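Here's the structure, in structure tokens; my notes come after.
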Amino acid sequence: QQPEEALKKAWLLWPLVPALSQLADRLRLDARSSESAATWRRAGQAAEAVVPHSNVHIRVLSERLLTEIQCGGRAIRVKQALEESRRTTALAYGGGDSVWLRLVGFHMPASFLASEGFFVEHLQQQQQKQQHARENGAEPSWSPAVLQVGSSLRTSSLKVGLPAAACFEDVSLDASSRIFIIKCGGAEDRRIPCPFEVDLDNVQTRFSRQSRSLVISVVEFSDSHERAHDDIFRRKKK
């Protein structure tokens, strides 16, 4: 009977999880860390009862751990919060400490991670990569080439991340059929080889403000495709 009552109570509390999370955030900002940690615990219990091992559950446990660390509370509470966060992350995504560090640990103070014996160097490298991506934009990447509808020509898209401080008006594209050069304000020029000879008359560009990136869609130059086809035909004849 008691477990059923506890489950009913958890379901009643579940709609309050967003409100509890906001309250816990507010309490932490007001330096009322012990009250914030207690509120995160209530939110975590409700999330675990209704959507265990979900992103919501993992996020609440992460915030609870961070609050326990910041308030300098009892070591036993910090340890319990850490173990619960690691266990839940492992059940949700598998893996060990490396997965936890990548998903949750980056949010924690480096001094705490070092005191717990985590491989902080790996985390610092990840943070440096993230900082580099923010300052210089993510590394350019081509999508897998696919055949254009109604023809045998290949198409692909190039996604180029832009530096956080860059304005879209500062971006310019110099293009040849074999290489694209992206210029962005004072940042270093990016020279990006094309996966095939590109038809410059069919190059389309657009900016994504959400991901702060330039997306360039290209189509294979028809003469290039025909030359490749002729080469294959000649090899077969030989």
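None of these values were measured; they are calculated from a predicted model.
The shortest heavy-atom contact between L153 and S222 is CD2-CA, 3.8 Å. The two residues P140 and V160 have their closest heavy-atom pair at CB-CG2, 4.2 Å. In this structure, S157 and S217 approach most closely via the heavy-atom pair OG-OG, 3.4 Å. Taking both residues in full, the closest heavy atoms of W142 and P193 are given as NE1-O, 3.0 Å, listed atom of the first, atom of the second, then distance. S143 approaches S156 most closely through the heavy-atom pair O-OG, 2.8 Å.
I179 and V198 fall into different hydrophobic clusters, defined by Ile, Leu, Val, Met, Phe, Trp and Tyr side-chain heavy atoms under 4.5 Å apart, directly or through other members. Residue V215 is not grouped with residue F180 when hydrophobic side chains (ILVMFWY) are merged at heavy-atom distances under 4.5 angstrom, including chains of intermediate members. Note on L103: it does not cluster hydrophobically with L91, by side-chain heavy-atom contacts below 4.5 Å among ILVMFWY residues. I181 and F196 sit in two unconnected hydrophobic clusters of ILVMFWY residues. Membership requires side-chain heavy atoms under 4.5 Å apart, directly or through other members. Residue V50 is not grouped with residue L61 when hydrophobic side chains (ILVMFWY) are merged at heavy-atom distances under 4.5 angstrom, including chains of intermediate members.
Around the CZ atom of R59, the shell of radius 6.0 Å holds more than 12 heavy atoms that belong to other residues, nucleotides or ligands.
The main-chain N or O of I58 is never found under 3.5 Å from a side-chain atom of S62 such that the two would form a donor-acceptor pair. With hydrogens and angles ignored, the 3.5 Å screen pairs a side-chain donor or acceptor of S21 with a backbone N or O of V17. Between the side chain of T67 and the main chain of S33, no donor-acceptor pair closer than 3.5 Å is present. Using a distance-only test at 3.5 Å, with no hydrogens or angles considered, no donor-acceptor pair links the side chain of S85 to the main chain of A81. At least one donor-acceptor pair closer than 3.5 Å links the side chain of T155 to the backbone N or O of V146. Judged by distance alone, the side chain of S213 and the main-chain N or O of K159 form no donor-acceptor pair under 3.5 Å.
Note that OG1 of T39 is 12.0 Å distant from CG of L16, once rounded to the nearest 0.5 Å. The OG1 atom of T89 sits 10.0 Å away from the NE2 atom of H53 when rounded to the nearest 0.5 Å. Interatomic distance, OG1 of T205 versus CG of L173, reported as 7.0 Å (0.5 Å rounding). Here CD of E116 is found 5.5 Å from CG of L82. Values are rounded to the nearest 0.5 Å. The distance from atom CD of E197 to atom OG of S177, rounded to the nearest 0.5 Å, is 4.0 Å. The CD atom of E63 sits 6.0 Å away from the CG atom of D25 when rounded to the nearest 0.5 Å.
Shown here are the ring-ring contact (aromatic ring centres under 6.0 Å, His included) partners of Y93, two or more places apart in sequence or in another chain: there are none. Judged as a ring-ring contact (aromatic ring centres under 6.0 Å, His included), and not counting sequence neighbours, the contacts of W100 are F118.
Between K183 and V171 the shortest side-chain heavy-atom distance does not fall below 4.5 Å. For the pair P109 and I69, the minimum side-chain heavy-atom distance is below 4.5 Å. Put simply, the side chain of L113 reaches to within 4.5 Å of the side chain of L101, judged on heavy atoms.
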Please report the C-alpha distance between D189 and D174 in whole Å, then the side-chain angles of each, then the deciding distance to 0.1 Å, and finally whether the side-chain contact (heavy atoms from CB on, under 4.5 Å) criterion is met. CA-CA 10 Å; D189 293 353; D174 290 341; over 6 Å; no
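When each of E48, E68, E35 is paired with R41, the salt bridge (Lys or Arg N to Asp or Glu O under 4.0 Å) condition holds for E68 and for no other.
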